[in-house]
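Structure record follows, encoded as structure tokens.
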There are 2 protein chains.
Amino acid sequence: MSKLVIVGTVAFDAIETPFGKTDKILGGAATYIGLSASQFNIDGAIVSVVGGDFPKEYLSMLKNKGLDISALEVVEDGKTFFWAGKYRNDMNSRDTLATELNVLADFKPVVPSRYKDAEVVMLGNLHPLVQLSVIEQMNAPKVIMLDTMNFWMDNTWDDLMKVISKVNVITINDEEARQMTKEYSLVLAAQKIMKMGPKYVVIKKGEHGALLFNKDEIFFAPALPLKAVFDPTGAGDTFAGGLAGYLASTGDYSFENMKNAIIYGSALASFCVEKFGAERIINLSAEELNKRIHQFKSLTQFDIAIT
Amino acid sequence: MSKLVIVGTVAFDAIETPFGKTDKILGGAATYIGLSASQFNIDGAIVSVVGGDFPKEYLSMLKNKGLDISALEVVEDGKTFFWAGKYRNDMNSRDTLATELNVLADFKPVVPSRYKDAEVVMLGNLHPLVQLSVIEQMNAPKVIMLDTMNFWMDNTWDDLMKVISKVNVITINDEEARQMTKEYSLVLAAQKIMKMGPKYVVIKKGEHGALLFNKDEIFFAPALPLKAVFDPTGAGDTFAGGLAGYLASTGDYSFENMKNAIIYGSALASFCVEKFGAERIINLSAEELNKRIHQFKSLTQFDIAIT
């Protein structure tokens, strides 16, 4: 078992989909990453910040999942980061209705000393300089994973390139990979991104699955075909959390084991979209996850005997 | 080895892509299906029609691939079916510039008596009543496969439903499956289509792969991630031809073997898009196909040990 450091937002989300809408519920990249990673045998810490309005029962829940929240700072006189969004009918695109940074505006992540020697670091979507400051606090992690999005490409390109040059694994969605590299082919896009630093490039294609690139090798994990997607919020972070959690729990960072990690990430993401917010991931049993891995096997494994 | 009957167009295509354009070249659904199926050990016949303008060397080439062309009628004073199209920059959509039915307008397919006992019938995209007339000429095929498209849904719905009720396997693209069933989820769409008749539903998602449905089981084959798609023309028919050819050559129509067939179809389609028209499939060696199957294995196979 390796230690895992998770950095990202812990937040309130208000979500509207064609199926319904929520008031402020638990959200945030680090929340989804942490809950997903906690499915594995890990020693993981969440580095983040919330305001005094953040319910104590959410903190207890994260702690009960085995996550170290000593570096989840509570700014008593501040307000928690809030995002509101509305999905369109196809569930593939969404409009942001509100973004209130609140306590996140002054977030200075501090990695607890007990976690400075963690082998795996998962940097959720944040300002690249905040991500960079976490890397600088670590001793010698074996795997630094980064998630980012188009906002940082548009506004903080140079800083983003700086942090990308220091990471081993990047998770990015297909449109963002294309925007970042000006390449339509995801194969060519991944090759360009590998030249920026990461050894492994993971391109998330939503309902069309995820691609893992390493040198000239490619692995593909489908998304589980579903009767309905109820709420896609957090699916990408849940995917990344599964990846990070599985890697930390196995301590094996080979391409072969990365394949397994991608499958676990896809399986966890397939649960995430079944209910609003993090509800399904919070209430997920090991048996259910195991059963879904079997489904991924029968979905993808075949037996052609060739020489 | 089982016999295979292939019905569909043999045609001239003129293609324009962002990479270049062709004059009239060899095209047509039955051409791609036949060439793709000929990669396997089969006894296959093409049932189609061309005009007197159809080059004799194309006929020889098909014959040299081991395809029986005795039911590929040549109407000496007629002209061959012609289609011209132009792909947009993303290569996922295209505009039809010309469709000249010519000899296809009066096409009455006649299955040669030696092939009436074939186990596998592949009905390429054609008027549903033409497809139906082929089924009626067969003795007792074990697998009838059908490809269709939105044009027939828009214009000949009742006839299409008649032929669909008689087939075992349907190949259809994702947008067409949605149009046919009014379901956005491909899982729900496939369930509705199975109720129309087919035991197996294959939904083609282009660059996003293909899904195979049977009862409650699902198998997924990705498309090979490519640096460039040169010309998508014929990829869907090449896929279907691989499916039909593999099934006929093995004589095994189980779900497990359908998985292998889907992988072969995907592998063959991945070659098709590398060059204009059928050029790459015509010049494809068994070694190249074998190597690509290995690529599909490393692309999709993983080794998670769970109980």
Side-chain angles (χ1 to χ4, degrees), chain A residues 18 89-92 174 183-191 203 205-209 211-213 217-229 246 250 255-264 267 286 289-307, chain B residues 18 89-92 174 183-191 203 205-209 211-213 217-229 246 250 255-264 267 286 289-307:
Chain A
N89 279 335
D90 67 359
M91 300 291 264
N92 282 325
D174 46 1
E183 293 287 353
Y184 183 79
S185 158
L186 298 178
V187 176
L188 296 178
Q191 287 179 349
I203 298 183
K205 304 200 297 170
E207 62 168 321
H208 299 302
L211 286 160
L212 163 67
F213 295 88
E217 291 183 293
I218 313 178
F219 178 70
F220 177 80
L224 194 73
L226 297 170
K227 289 185 184 173
V229 169
Y246 185 80
T250 57
F255 183 66
E256 286 307 310
N257 202 50
M258 281 291 292
K259 293 181 181 180
N260 296 349
I262 297 279
I263 294 292
Y264 269 103
L289 177 56
N290 213 32
K291 198 175 157 198
R292 195 143 294 185
I293 295 295
H294 278 288
Q295 279 183 275
F296 271 83
K297 279 196 170 186
S298 61
L299 181 65
T300 58
Q301 306 299 286
F302 58 89
D303 188 21
I304 296 178
I306 50 168
T307 49
Chain B
N89 279 335
D90 67 359
M91 298 293 263
N92 283 325
D174 45 2
E183 292 287 353
Y184 183 79
S185 158
L186 297 178
V187 176
L188 295 178
Q191 287 179 350
I203 298 183
K205 303 200 297 169
E207 62 169 322
H208 298 303
L211 285 161
L212 164 66
F213 295 87
E217 292 184 291
I218 314 179
F219 179 70
F220 176 79
L224 194 73
L226 297 169
K227 289 185 183 171
V229 169
Y246 185 80
T250 57
F255 183 66
E256 287 306 310
N257 202 50
M258 281 290 292
K259 294 181 181 179
N260 296 348
I262 297 279
I263 294 291
Y264 268 103
L289 177 56
N290 214 31
K291 200 175 156 198
R292 195 143 293 186
I293 295 295
H294 278 289
Q295 279 182 275
F296 271 83
K297 279 196 170 186
S298 61
L299 181 65
T300 58
Q301 306 300 285
F302 59 89
D303 189 18
I304 296 178
I306 49 167
T307 50

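Naming convention: chains lettered A, B, ... in sequence-line order (proteins, then strands); numbering from 1 in each chain. All values below were derived from every heavy atom in this structure, side-chain atoms included, with hydrogens, water molecules and symmetry-related copies excluded.
- Both the backbone and the side chain of A:Phe220 come within less than 4.5 Å of a heavy atom of chain B.
- Taking CZ from B:Phe302 and CD1 from A:Ile262, the interatomic distance works out to 11.5 Å, rounded to the nearest 0.5 Å.
- A:Glu207 CD to B:Asp174 CG: the interatomic distance, rounded to the nearest 0.5 Å, is 8.5 Å.
- Listed by chain and number, the residues in a ring-ring contact (aromatic ring centres under 6.0 Å, His included) with B:Tyr264 are B:Phe40, B:Tyr246 (sequence neighbours excluded).
- Both the backbone and the side chain of B:Ile218 come within less than 4.5 Å of a heavy atom in chain A.
- Looking at heavy atoms from C-beta onward, A:Val187 lies in side-chain contact with B:Pro225 at the 4.5 angstrom threshold.
- In this structure, chain B has heavy atoms under 4.5 Å from both the backbone and the side chain of A:Ile293.
- Looking at A:Gln295, neither its backbone nor its side chain comes within 4.5 Å of chain B, counting heavy atoms on both sides.
- By the ring-ring contact (aromatic ring centres under 6.0 Å, His included) test, A:Phe213 pairs with no residue at all, sequence neighbours left out.
- Ranked by non-hydrogen atom pairs under 4.5 Å with chain A, the options B:Asp303, B:Asn257, B:Val229 are led by B:Asp303.
- Contact count against chain B (heavy-atom pairs under 4.5 Å) is highest for A:Lys227 among A:Lys259, A:Lys227, A:Lys205.
- Using cut-offs of 30° and 60° for the angle between ring planes, the A:His208 and B:His208 rings count as parallel.
- Only the backbone of A:Leu226 comes within contact range of chain B, judged by heavy atoms closer than 4.5 Å.
- Residues A:Phe219 and B:Leu299 approach most closely at CD1-O, 3.0 Å, considering heavy atoms.
- Options A:Glu183, A:Glu256, A:Gln301 differ in how many heavy-atom pairs under 4.5 Å they form with chain B, and the most are formed by A:Gln301.
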